[in-house]
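Have a look at the structure below, then the notes.
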Amino acid sequence: MSLLIAGLDDYLLSVLPSRDRVLARIEEDAARRRIPIVGPAVGRLLAQYVHLTGARRVFELGSAIGYSTIWLARAVGESGQVFWTDASEENAAEARRNLEEAGVADRVALLVGDALASLDATEGEFDLVFNDVDKEGYPDVLRRAVPRLRVGGLLVTDNVLWDGALRLPACEDDAETAAIREFNRLCYERPDLETTILPLRDGVSVVRRIR
Ligand SMILES: C[S@@+](CC[C@H](N)C(=O)[O-])C[C@H]1O[C@@H](n2cnc3c(N)ncnc32)[C@H](O)[C@@H]1O
């Protein structure tokens, strides 16, 4: 019944290039402390979309200890800017150390508090928004983040296949599952958006604002 492809993650991890010292250390820390991070396959995807679109201004919703932020910040280059957001002061302190160790702290702004409130409080438009907040917030993210993208900009969202649970009847009433299902439906339905769901890891959607 699962929507996810058995064995895909293990295969991809076996062929992905090894990461540098700081990313490898954060991956180990996150696994040991059960901190949910996107991991290297999705990290590379984020960097690739930044490169493909030439994104320079990136807003991240839900950044934890900065693992995905490092992939984004490296990809935007020295002249780019990434906004890190998280509700946790402790995560901010740890992320700051990780970003410094990765050599990208100067191009990342740390915004502690509700991620969408931070987006509302930050002026200007973005080339790419990466969404990894609590899943019940996904429909709200779609409503509030898309207007902040330049036309042609991308909203990239993690966990849109939600561990393969979207088609399981037992999950019908689960609020997180319902919110992701609604988010995916809206992404495909809206005529101002061009959407693809990639079955990578836990599912990643790539939404392009077309007008
Ligand atoms: C899945 S983790 C982010 C992992 C990170 N993107 C990575 O891959 O390295 C989600 C984080 O978002 C934070 N978070 C969830 N919902 C949030 C919200 N509405 N506002 C601010 N932070 C939020 C949580 O505290 C958590 O640290």
Side-chain angles (χ1 to χ4, degrees), residues 9 12-13 16 19-20 22-50 55 58-76 82-102 104-105 107-122 126 128-145 148 154-163 165 175-177 179-180 182-183 198 200-206:
D9 275 3
L12 290 178
L13 283 174
L16 279 169
R19 274 69 68 200
D20 73 345
V22 56
L23 286 177
R25 197 258 306 145
I26 300 172
E27 287 170 20
E28 283 172 24
D29 278 0
R32 187 169 33 82
R33 293 158 55 200
R34 295 177 180 274
I35 298 169
I37 60 168
V38 293
V42 174
R44 286 178 71 85
L45 183 80
L46 295 175
Q48 187 178 42
Y49 275 111
V50 168
V58 170
F59 201 97
E60 185 177 32
L61 300 161
S63 308
I65 58 174
Y67 178 82
S68 48
T69 320
I70 292 172
W71 283 96
L72 292 164
R74 286 179 170 168
V76 298
V82 176
F83 293 83
W84 172 104
T85 65
D86 205 281
S88 157
E89 289 280 4
E90 291 76 29
N91 281 350
E94 190 169 346
R96 188 172 289 113
R97 290 193 294 276
N98 287 335
L99 294 165
E100 276 165 9
E101 193 182 331
V104 293
R107 65 191 81 156
V108 179
L110 284 90
L111 306 174
V112 180
D114 176 73
L116 280 171
S118 296
L119 177 68
D120 290 345
T122 306
F126 299 96
L128 189 149
V129 174
F130 175 51
N131 169 31
D132 199 10
V133 289
D134 289 345
K135 309 313 155 193
E136 286 172 61
Y138 275 21
D140 211 20
V141 167
L142 189 69
R143 273 187 291 277
R144 289 163 69 179
R148 303 301 308 281
L154 301 181
L155 171 65
V156 182
T157 298
D158 195 31
N159 308 110
V160 299
L161 296 179
W162 203 221
D163 204 18
E176 292 176 311
T177 308
I180 294 172
E182 171 72 352
F183 174 84
L198 305 169
L200 187 63
R201 205 184 65 100
D202 199 25
V204 180
S205 70
V206 182

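We count ligands from 1, going down the list as the structure has it; atoms in each ligand are counted the same way.
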**Study point:** Phe130 and Leu154: CA distance, side-chain angles, deciding distance, side chain to side chain contact (heavy atoms under 4.5 Å, CB included) verdict
**Key:** CA-CA 8 Å; Phe130 175 51; Leu154 301 181; over 6 Å; no
Ligand-side contact atoms (ligand 1) for residue partner [X], heavy atom cut-off under 4.0 Å:
X	result
Glu60	6 (N)
Pro36	1 (C), 2 (S), 3 (C), 4 (C)
Tyr67	9 (O)
Ala64	3 (C), 4 (C), 27 (O)
Ala87	21 (C), 22 (N)
Gly113	20 (N), 21 (C)
Asn91	27 (O)

Review point. Are Tyr67 and Asn98 side-chain neighbours, meaning at least one heavy-atom pair lies under 4.5 Å?
Key: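 Contact flag for Tyr67/Asn98 side chains = no.
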Point to revise | Heavy-atom closest pair, residues Ser63 and Asp86 | key: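 Shortest heavy-atom contact: N-OD2, 3.5 Å.
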Check your understanding: Minimum heavy-atom separation for Asp20 to Leu23, with atom names?
Key ->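 Closest heavy-atom pair between Asp20 and Leu23: OD1-N, 3.1 Å.
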N or O pair under 3.5 Å between [X] and ligand 1:
X	result
Val38	yes
Thr85	no
Gly62	yes
Ala115	yes
Ser88	no
Asp86	yes
Phe130	no

**Study point:** Sole residue of Val22, Thr69, Val82, Ile65 in side chain to side chain contact (heavy atoms under 4.5 Å, CB included) with Leu99
**Key:**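 Option passing the side chain to side chain contact (heavy atoms under 4.5 Å, CB included) with Leu99: Thr69.
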**Study point:** Result of checking Leu116, Asp158, Thr157 against Asn131 for side chain to side chain contact (heavy atoms under 4.5 Å, CB included)
**Key:**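 Between Asn131 and the candidates, side chain to side chain contact (heavy atoms under 4.5 Å, CB included) is satisfied uniquely by Thr157.
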Practice item. State whether the number of non-hydrogen atoms from other residues, nucleotides or ligands found under 6.0 Å of Arg44 atom CZ is greater than 12. Key: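 Not more than 12 within 6.0 Å, no.
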Return the closest protein heavy atom for [atom] as residue, atom name and distance.
atom	answer
atom 10 (C) of ligand 1	Asp132 O, 3.3 Å
atom 5 (C) of ligand 1	Ser68 OG, 3.3 Å
atom 16 (N) of ligand 1	Asp134 N, 3.1 Å

Review point. Which part of Ala30 is near ligand 1, with near meaning a heavy atom under 4.0 Å away: side chain, backbone, both or neither?
Key: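 Neither; no heavy atom under 4.0 Å.
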**Study point:** Within reach of ligand 1, part of Ile35 (heavy-atom separation under 4.0 Å)
**Key:**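 Contact part for Ile35 vs ligand 1: neither.
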Practice item. Measure from atom 17 (C) of ligand 1 to every heavy atom in Val133, Val112, Asp140, Ile37 and give the option owning the shortest one. Key: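 Ranked by closest heavy atom to atom 17 (C) of ligand 1, first place is Val133.
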Practice item. Nearest heavy atom to atom 18 (C) of ligand 1 wins, so pick from Asp114, Asn98, Leu46. Key: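 Considering heavy atoms of Asp114, Asn98, Leu46, the nearest to atom 18 (C) of ligand 1 sits in Asp114.
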In Å and rounded to the nearest 0.5 Å, what is the [atom1] to [atom2] distance from [X] to [Y]?
X	Y	atom1	atom2	value
Phe183	Glu136	CZ	CD	14.5 Å
Ile37	Ile70	CD1	CD1	9.5 Å
Glu176	Trp162	CD	CH2	4.5 Å

Review point. Looking at the rings of Phe126 and Phe83, which for Trp means the six-membered one, are their centres under 6.0 Å apart?
Key: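 Yes, ring centres under 6.0 Å apart.
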Review point. Does the side chain to side chain contact (heavy atoms under 4.5 Å, CB included) test come out yes or no for Leu142 and Leu155, once each step is laid out?
Key: CA-CA 8 Å; Leu142 189 69; Leu155 171 65; 3.8 Å; yes
Exercise for review: Say whether Tyr138 and Glu182, considering side chains only, have a donor N or O and an acceptor N or O under 3.5 Å apart.
Suggested key: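 Result is no, nothing qualifies.
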Practice item. For Ser63 and ligand 1, answer yes if some heavy atom of the residue is under 4.0 Å from a ligand atom, otherwise no. Key: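 Yes; Ser63 lies near enough to ligand 1 that a heavy-atom distance drops under 4.0 Å.
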